[in-house]
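The structure appears right after this line, and notes come after that.
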Amino acid sequence: MAKQVTAIYPGSFDPVTNGHLDIIERSHGIFHRVIVAVLVNVEKEPFFDIDKRLEMLREVTQEWDNIEVETFEGLLVKFALARKAQVILRGIRAVTDYEYEFQMALMNRRMQPEIETVFMVPAEAYTYLSSRLVKEISMLGGSVNGLVPSIVEDFLKGNKGSVRR
Ligand code: PNS
């Protein structure tokens with residue numbers, strides 16, 4: 001019988017993009033339970049505060065029963081252990097992501113060898129997409145239609161609460 005595997009999908013999600021959502025959608029059919037874990041980084045001022053990032057993520061994942069959205073602080077492996085997760089899930093877009101992801105995966109393995117990092121590749125259309133570019137384009141008045149879920153577009157346009165900074 002297949003094992004019931006819990007995966008943690010960590011990130012800043014500032015904001016969630018269609019690339020993230022593509023990974024979440026692919027993961028929901030593979031893992032028993034997926035916890036989308038939003039990093040609360042006290043040192044870094046985010047574009048969207050944590051409540052808005054959670055609201056957007058919860059809205060866009062509400063159709064899937066086995067996807068949960070939570071925040072975490074501190075070491076990711078500690079959070080994964082606390083949630084009894086066996087897998088850390090990361091999306092890889094291009095070769096440029098690889099070096100950083102490889103480093104993190106090995107460092108996380110060093111700290112917690114029983115937790116496995118699994119990489120997934122999003123649909124080709126999202127391989128050049130990033131939260132950073134979405135924010136930049138939107139702030140400069142460009143369209144991010146098709147790159148982010150509609151709730152994120154609304155938040156970026158300021159139709160749903162204010163955007164920090
Ligand atoms: O989407 P991001 O910003 O690239 O996600 C990075 C994230 C949140 C996965 C990474 O910064 C992280 O795991 N931070 C938690 C602190 C930690 O465990 N650091 C050691 C990593 S080896």
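No experiment lies behind these values; they were computed from the predicted model shown. One-based numbering, in listed order, for ligands and for the atoms of each.
- Salt bridge annotation for Lys135-Asp14: present, with a cationic side-chain nitrogen under 4.0 angstrom from a carboxylate oxygen.
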Requested in this report: Report the C-alpha distance between Ile8 and Phe31 in whole Å, list the side-chain angles of each, state the deciding distance to 0.1 Å, and finish with yes or no for side chain to side chain contact (heavy atoms under 4.5 Å, CB included).
Outcome: CA-CA 10 Å; Ile8 303 279; Phe31 300 105; over 6 Å; no
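- Here the heavy atom of the protein found nearest to atom 10 (C) of ligand 1 is Met104 SD, 3.9 Å.
- Proximity of Tyr100 to ligand 1, defined as any heavy-atom pair under 4.0 Å, is confined to the side chain (atoms from C-beta onward).
- Formation of a donor-acceptor pair under 3.5 Å by the Asn18 side chain with backbone atoms of Gly146 is found in this model.
- Remark: among candidates Ala80, Gly74, Pro10, the nearest residue to atom 15 (C) of ligand 1 is Gly74, based on non-hydrogen atoms.
- If you look at Phe13 next to ligand 1, there are no close heavy atoms at all, none under 4.0 Å.
- Contact record, Ile23 with Pro122: CD1-N, 3.7 Å, taken as the closest heavy-atom pair.
- Within a 4.0 Å radius of atom 12 (C) of ligand 1, the protein has no heavy atom.
- The two residues Val134 and Leu147 have their closest heavy-atom pair at CG2-CB, 4.4 Å.
- If you check each of Leu75, Leu39, Asp97, Leu106 against atom 17 (C) of ligand 1, the one with the closest non-hydrogen atom is Leu75.
- Atoms of ligand 1 lying under 4.0 Å from at least one heavy atom of Gly11, given by number and element, are 1 (O), 5 (O), 8 (C).
- Heavy-atom proximity to Met107, at under 4.0 Å, picks out these atoms of ligand 1: 22 (S).
- The distance from ligand 1 to the heavy atoms of Leu76 drops below 4.0 Å at these ligand atoms: 13 (O), 17 (C), 18 (O).
- Looking at Arg90 against ligand 1, only its side chain comes within 4.0 Å, counting heavy atoms.
- Remark: minimum distance from atom 3 (O) of ligand 1 to any protein heavy atom is reached at Ser12 OG, 2.6 Å.
- Judged by distance alone, the side chain of Thr127 and the main-chain N or O of Glu124 form a donor-acceptor pair under 3.5 Å.
- The nearest heavy-atom contact from the protein to atom 22 (S) of ligand 1 is Asn108 OD1, 3.5 Å.
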Query - salt bridge (Lys or Arg N to Asp or Glu O under 4.0 Å) between Asp49 and Arg53, intermediate numbers included - result: CA-CA 6 Å; Asp49 65 33; Arg53 280 184 277 158; over 6 Å; no
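- Residue Glu70 qualifies as enclosed at atom CD: its count of foreign heavy atoms under 6.0 Å is above 12.
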